[in-house]
Every structure is written in C-alpha cells, then in structure tokens.
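In each ligand, atom 1 is the first atom listed, and ligand 1 is the first ligand listed. One-based numbering along the sequence shown. Here the structure is a predicted model, which is why all the values come from computation and not from measurement.
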Amino acid sequence: MKVFCVIVFVFSFVFVANTEKDDEILVFTVATEETDGFQRYLESAEFYDIKPIVLGYGAEWRGGNIKKGPGGGFKINLLKKAIEPHKNDASKIILFTDGFDVVFVDKLQEVLERFRKFEAKILFGAEKFAWPDPLLAEQYPEVTEGKRFLNSGAYIGYAPEVYELLTREEIQDDGDDQLFFTKAYLDEEFRQKHQFKLDHKSEIIQNINGAATELEVKVIEDKEANTEIYKIRNTLFYTDPLILHGNGAAKQSLNYISNYVPNSWNSIEGCITCLKNQVSLKEIDDEKLPLVMIGIFVEIPTPFLEEMLEKVYNLEYPKNRIHLFVHNAVQYHSDVVSKFIEEQGVDYLSVKQIKPSDGTTEHAARDLSLDYCLVKKCDSYLSLDSIAHLDNPQTLKLLIEQNRTIVAPMLTRPGRAWSNFWGSLTAEGYYARSNDYMNIVWNEKRGLWNVPFVTNAYLLNATLLNKYDRSQINYKNGLLDADMSFCANLRNLDVFIYVSNRVDFGHLVNPETYDLTLAEPDMYQIFENEKEWEERYIHEDYPGNFDPENAPKQPCPDVYWFPVVSRKFTSSLINMMETFGKWSTGKNDDDRLEGGYEAVPTRDIHMNQVGWERHWLHFLQKYVRPLQELVFIGYYHDPPKSLMNFVVRYKPDEQPSLRPHHDSSTYTINVALNQVGEDYVGGGCRFIRYNCSVVDTKPGWILMHPGRLTHFHEGLRVTSGTRYIMISFIDP
Ligand SMILES: *[C@@H]1O[C@H](CO)[C@@H](O)[C@H](O)[C@H]1NC(C)=O
Ligand SMILES: *[C@@H]1O[C@H](CO)[C@@H](O)[C@H](O)[C@H]1NC(C)=O
Ligand SMILES: *[C@@H]1O[C@H](CO)[C@@H](O)[C@H](O)[C@H]1NC(C)=O
C-alpha cells in the first residue's frame, strides 16, 4: 500500500499507464490532500487493481466549501484539462468519481459491462434529493422506478461526450458542479443528443444519501480461496452497486459499510484492515519510544478511582517517556489523586495537576491538555476518563502500534451493552445503534471499526494537532458535551475515528448510583460495579476456600473459619458504623425490633440503619452461602434469609462481653473486623458445650457455627481497646 501511495502521489499529474485489460477506461478523481477517506478510496481501488489518476493533489482547494453549500467547479475544470487529449477518441471511456467519500466494490470490467448495457454515452448516478436547487425538481423527467435526480459524485461516459459536457458552459472554480451537470441534463436537446442517462436503480453507482436503509452488507462465500467477500445489495431495486458514494449526510453510512467492503473484515480472516499501517515498537529502544502524554480526567464522582489510577501506573511503557496531565474536578477525590501524584507521579517525566479549587471547566481542561501535549512535543496523547479501567497493561503499546489518528480501546460495562463508542449517529448527531453494534460489544466480531463517536479512553496521534489549527481540533462545538464536540470536529475534518476490540483492553465502571453523601460510598457499589467491588473487598484467599486440597479450618467442633473479606472491607465497615454513630443502648428494650425486645442485647448498629441491608443480603447469598454448603452438607437454602444483621462494638467501659446464649438462627456468621492484640486486648467467642474458645480471630475471617441447639456461646471480655464484629443470624 505504502509503495502504491507513493507512486500515485509522485506521478499524480502524469497519466498512469492502465493495465491492458482496462485499456479503454480511464479513472479520474480529485483530491487536494491526503485524508483518511482518500486513503480508503485508494485502498479500495488497489484491491480491484484500479489505477486512478489523481487530479489536484497538493493543490489548494478552490472549489468553495462543499460541506456547507454548493461548490466544486474546480473538479470540472481540472478534469476538462486532463481529458482534453482524448476529446476525439471515441474508444476511451472516462470514469470520474469523487475522492474523499467513494469506495469501489468491484472490478472495472464489471463497471464497463454494465455501462454498455445502458446504451448511454454519459451516465450519472442518481439520488433522492434534487440538489442544490430543489426548484428544478419538477423539470426532471418522471421515473417509474428508481431515484430521479442527478448526483455528480460519480459518472461515466465516452471521452468525446464527456468533454462536450464539461465544456458546455464555463464554470468558476467555486461554482457548483452538480448544478452545472443538472442544467445540462435538464436541457432536453443536449440530453437526447448525448444519450445522457441516470443510473436510477444503482446498477453501477450507489449514492447513499437518502438510501442507506435500502442497503445491506452481503456475504459471498469464496470456498476456493477459503474466504468471504462482502458486497453491497440494494434491497429496493435488487441491484448490486459497484461504486459507493457517501454523499452529504451519508458519510457515516459509508464508514459503516467500509468496515466490511471491499476487504476490511470477514469472519474467516478476521480484521484485514487492522494489519495495515501498523507500526512495531518491539525493536525500539526505550528512550526512543514515542513520547506520550496521558491525560486523566476526574470530572464526576467515580467509584474505584484508586484502582483506575493503579491501572494507569501499571501500563507497560517506560515512565520516563510519559508526561501526566491530571484534571480533578471532584473535591471528594482530592486525597486519592494527590496521593497518586505524590507517590507515583514522581516516576513520570512530568506531572501537571489541575485541582478542584482551580475551578477549571471540563471543556477548558481538555483543551488545555491538548495545548500541554503540544508544549511537551508529545507524539501520542492518551486521554482517559476516571471511569475507564485499562485492565490490559499492554493497552498503550497496542494502541500506538495500531497507528491510527484516533483509536479507542473498546471498553464496556461488564455484562452490559453499554460501551465507550457509538456504532451510528442520528441526523442530529446523537446516539444511534448500528446493525453490528451488539456483535462488536459482545466480541462476536473482533476488529478495528470506523465509528462516529468514541469517549472515555482514546489515543490521539499528535500529528493531528500539528496538522490542524487548534480552532479546528478542540472540545468546543456549540452546546454539545466535550467528547461529542471533539468527535464532531474530527468528523468535520473527515478524520476517521476507530474503536478496537482486537483484544480485551478493559472495562468501564458505572458511576450512576455513586453517592458521595454516604460514608464509604464504594462499599455500596456491590451491584453496579461487582467486579471492582469483589477485587477490593473480597479476601484474596477467598477462592482457596473451595480448593479440595484445602480442608476448611475448624477451631472448635462444627465451628468453621474462612477468609472472606479484605482489610479494606473491615475498616470500611467500621467507618460506616462509626460515622453513623448511633450505637444502641445495650438495653433489653429495642424499638428497632418487631417485638421491641432483645433478650441478649449488645451495643450495635443494624445494617438497615446505614442503608446497607440489601447489599449485605446479596453478599450472604453470593459469598457466604457457598461456604455453608461446603461444610454443612445437605442444607440448601437459597437465598439465605437474615433479619438480624449488625455490627457489635465491645469496649471495657461500654459493653465488654456478652453472657452465654443461643442464637435464633440455623447458622450464624461472625466476622472479625479488627485485630486482636493491636486494636484491643481480650475478646473472642467461647462455645460452652465444648469448652472451646476462638480468641485469635483474624480480621476478614468469618466464623460459621450452628445456631439454636448445640453451640451455646458467650462473648469473652475485652479488657482494653475496642473490638468490632459483624454478626448475621441466617435462616432464623
Ligand atoms: C502510520 O500511518 C500513517 C498514516 O496512515 C502512514 O503514512 C504510515 O506509513 C504508517 N506507518 C507505518 C509504519 O506503516
Ligand atoms: C503518528 O505519528 C507518527 C509520528 O509520531 C507518524 O510517523 C505517524 O505517521 C502518525 N500516524 C498517523 C496515523 O497519523
Ligand atoms: C476448659 O478449658 C480450659 C482451657 O483449655 C481448662 O483450663 C478448663 O479446665 C476447661 N474446663 C472444663 C470444665 O473442662
């Protein structure tokens, strides 16, 4: 591909010799610069061995602003000059297409054969809209089937007739080419004389605007070559167009289609485009690796931020090739962010921190980060939002190696269809779902996908920042939010935006229910962010409980002992309770209970008093019940029920111990929340029938014992400090 591009660009003003087979057809396009769309055009041409002659390359565009309004006379004037030598050669056929938004999906031979069947001397593509002058619509001949109006993005004709068409009138470079051709077509005499026709049913040319829903990506198996070919089917006219033009608002549709055609992806070879233009960092010495800036944006209260930052730190890339830029807008997170910067930040080349007190808006901070990247002369810029967890430490390297202007690692909420990209766009520029969105999100299709929008995590090649003005590349675009603005600006520049799910890169946390008014808000995230919750709060040895080699510990008869929750869990639970602070009086009267009476009262706080009962019951079901089934065989109760779930506080001057009693439960769990010998002296649980005590309890370990009959027990005296335990009476 690379070699091919070079040839085209070097000889772009010279006629490139055609292959013998396509001897009589010359393909022209106009491209003034190398955009992603133009590169795609060339790649599709190369795939079918088509050698287009590129006009105007490197020239300043003089055709007006086509996106905003009419323009394009420049194209006519360039082509006129280029085909002048052939104006008398009736054996030459001219095929003209736009360069930025066209894709070939078949060979020229096929184009020629179909063109001959039209018995036309000039054939233009057709479209649904009469543009640029809708008032001319009624002058068009009626059609019984097919699209009625002319589009000038692609046309084909014999050289003498095309030349006559181009010279029919003078046109300014900034004049409107489509209007120019429309007038010629509506001139009945000219039309008849030159057998000037429109391809109403997209037999050759498919203008996609207004027709996207008629098109289907169609798979053809090629058994011989053990591959698949993707074609486009027009389901309205039962045709298979050969040239696709993503005119006007249809650019996104063409981007979607070109994720498959002509040869981007198939289910046998997988992602073919992925392999193009890749770079390798393997042979590069550390100190010569691209200079990276990582921008971290904490714009909203975010669960599990520490872990997110830890994953940034764990990215495998030399820290002395990374500048950090951190914007934190959330006061609550200041400690975690500052700690990260103080402890880990020193390893990086530099760190710039913007604090909540600076009052910088998200838009401004993101724009500032681009400036900072330019100042630091960074080669690549990785933008990360606080909800983006890069679990794969290779992510940064892999994204750099992918070598795209902008590429996002696909991140999803685990088990959800929520992701950091959009497959499609509404006409207003908002979210729409593409046909393949689910296949991509669930990794049924893996590859590199051209999409209209990415967010939360993406790598930007800094050449983009140098190529365009900062007034074109920024996070401001009307009232849209920052990333929507950013992507809209990139789309306006025809920069292709990619998302990759070639491998698993990571996931998104869900911040929707994160409530900073709670003490220990992350503890409440057991439902929304299960994965992080488990990683932070479940004991690292928990899985070992199920190892058959590993008999459960039994400190007393039928009293089992398991590591279940982490130290972070135990200290967080204590903090939740102490922050709430309304410990019970330890009297028999207890208005929190249905009967209003507690026979063996403790100083405690119930889980429902801190709004954590639902969470605790889920915890019992998911983590405790399987342990019970392991040791009390044959008892099966799912979900476990528990009405009494509470944290008890023992201290010498309050309640130091608890008299012997039975629990009203089938079985009880008793979780040690702090460390004997460090946080308190004494304490423990004595099972009277067996004269057996457990005193060396370990934080995060659960004691599990039968409730009603055999395990009469007492709480041993705490002689100094404060002891906390968490109790549940399961299946009362
Ligand atoms: C990286 O991408 C650019 C732009 O597409 C291309 O010009 C360059 O050749 C690519 N690098 C490699 C090593 O392929
Ligand atoms: C990315 O930047 C490097 C220079 O750092 C450049 O060589 C490469 O072509 C760029 N790739 C793209 C896709 O722009
Ligand atoms: C109970 O155990 C303790 C220590 O193990 C022992 O000193 C005591 O005599 C035992 N009591 C009875 C009644 O067996």
Notebook entry, point to check: Within 45° of the axis and under 6.0 Å from the centre of the six-membered ring of Tyr313, does NZ or CZ of Lys319 qualify?
Noted result: yes

Check: Does the distance from a Lys or Arg side-chain N to an Asp or Glu carboxylate O, for Arg321 and Asp286, drop under 4.0 Å?
Finding: no

Notebook entry, point to check: Just one of Phe687, Phe729, Tyr667, Phe562 clears the ring-ring contact (aromatic ring centres under 6.0 Å, His included) bar with His705, so which one?
Noted result: Phe687

Next item on the list: Could you please provide the protein residues found below 4.0 Å of ligand 2 on a heavy-atom basis, arranged by chain and number?
Entry: Asp379, Asn403, Arg404, Thr405, Asn461, Thr463

Notebook entry, point to check: Between atom CZ of Phe104 and atom OG1 of Thr97, what is the distance when rounded to the nearest 0.5 Å?
Noted result: 4.5 Å

Margin query: Can you confirm whether the side chains of Tyr458 and Asn420 place a donor and an acceptor under 3.5 Å from each other?
Written below: no

Notebook entry, point to check: Do Arg404 and Phe496 meet the cation-pi criteria used here (NZ or CZ under 6.0 Å from the six-membered ring centre, within 45° of the axis)?
Noted result: no

Notebook entry, point to check: Would you say Lys276 contacts ligand 1, with heavy atoms under 4.0 Å as the rule?
Noted result: no

